[in-house]
Structures are given as C-alpha cells and as structure tokens.
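Reviewing the structure listed below.
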Amino acid sequence: MDEKPPFSAIYELKEELGKGAFSIVKRCEHKVTGKQYAAKIINKRRLTARDMRKLEKEERICRHLKHANIVQLHDSLNDDNHHYLVFDMVTGGELFDEIVAREFYSERDASSCMQQVLESVEYCHQKNIIHRDLKPENLLLSSKTKDAIVKLADFGLAVELDGSNQSTWHGFAGTPGYLSPEVLKRAPYHTPVDVWACGVILYILLVGYPPFWDESQEKLYAQIKSARFDFPSPEWDTVSNEVKQLIRDMLNPDPSKRITASQALLNPWISQRQKVAKTIHRQATLAGLKKFNARRKLKGAILTTMMATSALNLLKSRNSDTELKTPPAEASTPTGNSRECEEAAIETIYEDTQEKELLGRTKALMEAVTARDYQAFRKLCSSELLTFCKEGGTQLLQGLEFSKWTLANTPEYEAESTMMMSPKVQILGDDSAVVAYVSFSRALDKSGVMTTVESKETRVWSRRKGAWLCVHAHTS
Ligand code: ADP
Ligand code: MG
C-alpha cells in the first residue's frame with residue numbers, strides 16, 4: 001500500500017457527493033483515463049487507532065466483494081493526512097429519491113427493487129459478511145437511466161464472520177428504525193439482522209412509511225422487540241397478500257425462524273413478479289415516500305454536523321448500561337432543540353468498540369507482563385504510571401522504572417499463561433475509563449510446581465493524542 005503513488009498524482013478531486021460521520025465522499029477523475037470515481041476520504045489525523053482498524057476492515061470487506069448490486073471498490077490510496085477508498089462512480093443518486101420522481105409506481109417496481117437488494121444481501125451472506133446498516137440511504141442507483149440497477153453501498157459497519165453458523169454478539173450497531181429485535185435485546189446475532197432490515201425497507205417501499213415508528217426511541221425499541229406492526233387500512237387493502245406474508249416472514253422476531261435472503265428470492269412475489277405482484281399505480285405511496293425522504297434528509301443534515309464534532313459522545317452514550325435511553329446524540333447537541341435531537345436519533349449508531357479496544361489493550365498489557373516484555377509494556381503505559389502492587393508494599397510507585405525492574409528481575413515468577421476473568425469496562429468520559437478484572441496466571445513456583453495465582457486488578461486508562469494509555473494500576 002505504501003509504495004503506491006499518492007492519491008493526488010493519479011486522481012483529481014471534484015465536488016462533494018455525500019458526507020458521513022468519519023468521511024466525505026467526493027467525485028474524482030482519473031488524470032490519465034478521465035474515468036469517474038467516487039472517493040471516500042478519511043482524515044487520518046482525526047482517527048484513533050480503533051477508527052483506523054475500522055477503516056481497514058471496511059476496505060478489506062469491500063475488496064472482497066464483487067457483485068452487480070454492490071458498489072465496487074476500485075482502489076485504495078494514502079497520502080500524508082488522508083486515506084482514500086476509491087469506488088466506481090454511480091450516478092443515479094439514492095434509490096428512494098429516484099422513486100419519488102417517477103410518474104408511475106406499483107408493487108411490481110417495489111418487487112424489482114427488493115429483488116436487487118436481496119441479491120446483494122444473499123451474496124454478502126454467502127461471503128460471510130453482515131452489512132448491519134441496510135437502509136434507504138445506502139441504496140444507490142447505477143445511473144440516471146430507466147434500466148439503472150440498485151447498488152448497495154457503505155460497508156462501514158459490516159462485520160466479517162468466521163464461516164460458522166454460530167451467532168455472536170458483534171456490538172450494538174445500526175440505525176434505530178432498522179435494528180432487529182435480537183440486536184435490541186443484546187443477544188447474539190448473525191445474518192438474519194440484514195433480512196430484518198430488508199423487511200423494514202420492503203414495508204416502506206409499499207406504503208411510504210416505516211413499520212415501526214415513534215418519536216420516543218424507547219417506545220420505538222419496544223415496538224421492534226415485540227415485532228408489533230400492522231397493515232393499516234386503507235393503504236394496505238390494495239396490497240397483495242403474498243407480499244404481506246413475505247414481510248411477516250422477514251419481520252419474524254425469532255431470527256432462527258426468519259426467512260433467509262435466498263429463500264426470500266424464491267418467493268413468487270419476487271421471482272414471478274410478472275404474475276404475482278400487482279401493477280396498480282400507488283400514488284399515496286409516492287406521496288408518503290416524499291415526506292419520508294424529506295424527514296430523513298433533515299435528520300441527516302442535523303446529525304452530520306453534530307457527529308463531525310462529537311462522534312465520540314455518541315460512542316460514549318452507547319457505552320452506558322442500557323439501550324433504552326434518550327438518543328445518544330442528545331447529550332452532545334450544541335444548538336439543537338429537543339425536537340431536532342429526537343430527529344437525530346434516526347441515524348447510524350456506531351458500535352461500542354471503545355470497550356473492545358480498552359479490553360484489547362488491557363489484555364495486551366497482561367500479555368506483555370506475562371512475556372516479561374518491557375518494550376511492549378512501555379508502549380501501553382503512560383510514563384507517569386502510578387502503581388499499587390504487592391511487590392511495592394505500602395508504597396504508591398510512580399513511573400515505569402519499577403515495572404522495568406520487576407519485569408527484568410523476577411523471571412522465576414514467569415507465568416505460562418494469563419487469563420482475564422469477568423472484566424468490566426467503565427467509561428468515565430471521552431478520554432478516560434476504568435477496567436477491572438480478575439487475573440489468573442498459571443506459573444511455576446520456585447520449587448517447580450505449577451500453581452495458579454489469582455489477582456484482582458484495576459487499571460485506569462487515559463486517552464492521549466488518540467491512543468489509550470494506562471495511567472494507574474492497582475493489583476491485590
Ligand atoms: P458513510 O459511511 O459516511 O455513510 P457512504 O459509503 O454511505 O459513507 O457514502 C456516503 C454518501 O456518498 C452516499 O450516501 C452517497 O451519496 C455517496 N456515495 C458513496 N459511494 C458512492 C459511489 N460509489 N458513487 C457515487 N456516490 C457515492
Ligand atoms: Mg452511509
């Protein structure tokens with residue numbers, strides 16, 4: 001990656017196409033071929049190590065995917081301050097914006113859109129990827145022509161699975177109205193979360209409003225968890241029963257009973273739409289979608305501004321103990337009134353990776369101690385580290401000299417392995433956190449007998465210039 005020429009040597013940047021929390025997407029032109037691309041530009045200076053890993057993950061996932069209904073990653077480049085993900089340009093804008101400009105729109109059109117979305121989702125799932133942020137904003141169109149195809153974009157929240165069918169907790173992430181019951185219940189989850197989001201999208205495609213909605217996020221989440229939705233009269237009276245059943249199958253609250261993307265593609269309303277999907281024009285749906293789009297754009301605009309300055313606050317709120325609380329953005333709104341805060345709640349929630357990173361660094365620190373690796377230890381600690389430990393007696397030790405000495409001079413206590421039990425991460429602020437856990441080390445004692453040493457440890461972490469450093473350790 002590093003031996004490549006810088007971005008600016010190959011491409012010329014043009015106007016902005018879109019904006020997210022961590023990135024700006026701009027049109028760019030290849031200087032030699034004149035071909036158009038969309039560059040997702042990330043300012044590296046504003047990224048923490050964790051954000052950097054997320055970016056690398058997005059790139060790795062995108063590079064892995066090649067499908068007609070997915071925006072294609074073309075290249076990835078660096079310069080001093082920025083990272084660029086260069087995608088093939090799609091020029092049709094967002095699917096939902098195009099739909100409302102149509103003069104005629106029927107179930108059959110909705111079926112065609114949903115088929116393409118499901119094709120992209122089926123492919124991702126076959127490739128062991130969960131997208132996790134399926135929603136209208138991330139459904140683009142390849143061109144402005146009538147035969148344009150739907151392209152799924154934005155793998156910024158996607159996760160890579162290990163290939164097993166085992167559900168796992170991958171963190172709380174997604175966009176409120178599209179979150180599945182299992183994610184809201186903080187249960188292990190798997191690819192069915194994407195099918196749930198497809199069900200929400202299909203519902204909106206048919207009537208122009210979402211199946212679950214409430215101004216209060218708490219009530220919204222309660223509706224979703226119990227899968228409480230209906231097909232109100234009169235707008236649903238004209239919708240075919242086949243697609244109603246398909247929606248019920250996609251919005252099944254039990255992920256193990258939920259239809260899969262592949263099964264949904266075989267549903268006659270999708271696979272034989274010429275025969276099954278109705279062709280009556282749905283004017284009220286277009287009107288509903290117009291309002292839905294307008295609301296979405298407003299929320300997006302408010303949130304983008306807020307997130308640019310306070311993505312961290314968002315993470316912080318997500319890290320607290322319960323998901324049933326006021327919208328995360330609220331605490332950090334600089335000027336917005338409460339209605340704007342509620343509106344902002346619709347946008348993407350980034351997973352609670354802060355906790356993961358802190359646990360990772362704590363584990364790395366334990367490993368450094370186990371391996372008696374002072375260099376690795378030093379990189380994870382502040383030079384002013386304060387330590388309370390058995391070896392130090394009643395003294396509070398400051399600095400790294402003591403640790404350096406112990407690591408070098410107590411090889412007889414060298415542990416074979418160290419395990420972290422029941423760790424707890426408590427976020428104290430944007431830049432500080434406490435990690436407490438029980439450490440079990442298996443070690444040979446002086447007489448050569450394998451023993452297990454238990455110690456209770458608390459570490460205080462502080463973020464300095466983007467990196468978490470341990471500033472205090474207390475072991476007993
Ligand atoms: P974020 O993670 O910040 O939401 P996205 O990948 O969703 O970033 O891109 C943000 C916006 O940029 C999209 O909503 C879309 O408007 C535009 N965009 C993204 N990829 C392309 C592309 N390949 N061609 C044209 N526009 C794009
Ligand atoms: Mg996006």
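Read the numbers this way: they start at 1 and go in the same order the structure lists the ligands and their atoms.
Listed by number with element, the atoms of ligand 1 under 4.0 angstrom from any heavy atom of Leu17 are 16 (O), 25 (C), 26 (N). Heavy-atom contacts of Lys40 reach the following atoms of ligand 1: 1 (P), 2 (O), 5 (P), 6 (O), 8 (O) (cutoff under 4.0 Å). Near Ser23, meaning under 4.0 Å from one of its heavy atoms, ligand 1 places the atoms 3 (O). Less than 4.0 angstrom separates some heavy atom of Glu137 from each of these atoms of ligand 1: 14 (O). Contact atoms of ligand 1 toward Phe87: 23 (N) (distance under 4.0 Å to a heavy atom of the residue).
One side chain, Ser240 or Glu107, offers a donor N or O that lies under 3.5 Å from an acceptor on the other. The closest side-chain donor-acceptor pair between Tyr189 and Arg132 falls under 3.5 angstrom. Between the side chains of Asp249 and Gln245, a donor-acceptor pair is found at a separation under 3.5 Å.
Residue contact annotation: Asp154 places an N/O/S atom under 2.8 Å from the Mg ion (ligand 2).
Residue-to-ligand polar distances keep Glu58 apart from ligand 1: every N/O pair is separated by 3.5 Å or more. Any N or O atom pair closer than 3.5 Å counts here, and Lys19 shares no such pair with ligand 1. Distances between N or O atoms of Glu94 and those of ligand 1 include no value under 3.5 Å. Remark: ligand 1 and Val71 share no N or O pair separated by less than 3.5 Å (distance only, no angle test).
Under 4.0 Å is where a charged nitrogen must lie from a carboxylate oxygen, and between Glu98 and Lys144 no such pair does. Between Glu137 and Arg296, at least one side-chain nitrogen of the basic residue sits less than 4.0 Å from a carboxylate oxygen of the acidic one, meeting the salt-bridge criterion. Taking the charged nitrogens against the carboxylate oxygens, Glu56 and Arg60 have no contact shorter than 4.0 Å, which rules out a salt bridge. Note on Lys151 versus Asp88: no salt bridge recorded, every NZ/NE/NH1/NH2 to OD/OE distance being 4.0 Å or above. Contact check on Arg27 versus Glu15 returns a salt bridge, with a Lys/Arg side-chain nitrogen under 4.0 Å from an Asp/Glu carboxylate oxygen.
Between Arg102 and Asp109 the shortest heavy-atom distance is NH1-CB, 3.6 Å.
The parts of Asp154 lying near ligand 1 are both backbone and side chain, judged by heavy-atom distances below 4.0 Å. For Arg27, no heavy-atom contact with ligand 1 is shorter than 4.0 Å.
At least one heavy atom of Gly18 sits closer than 4.0 Å to an atom of ligand 1. Using 4.0 Å as the threshold, Asp88 has a heavy atom nearer than that to some atom of ligand 1.
Distances from atom 21 (C) of ligand 1 to the heavy atoms of Ala38, Ala153, Cys62 put Ala38 nearest. The closest heavy-atom contact to atom 20 (N) of ligand 1, among the options Asn138, Leu140, Ile41, Leu141, comes from Leu140.
Tyr123 and His67 have tilted rings, their planes meeting at an angle from 30° to 60° on a 0 to 90° scale.
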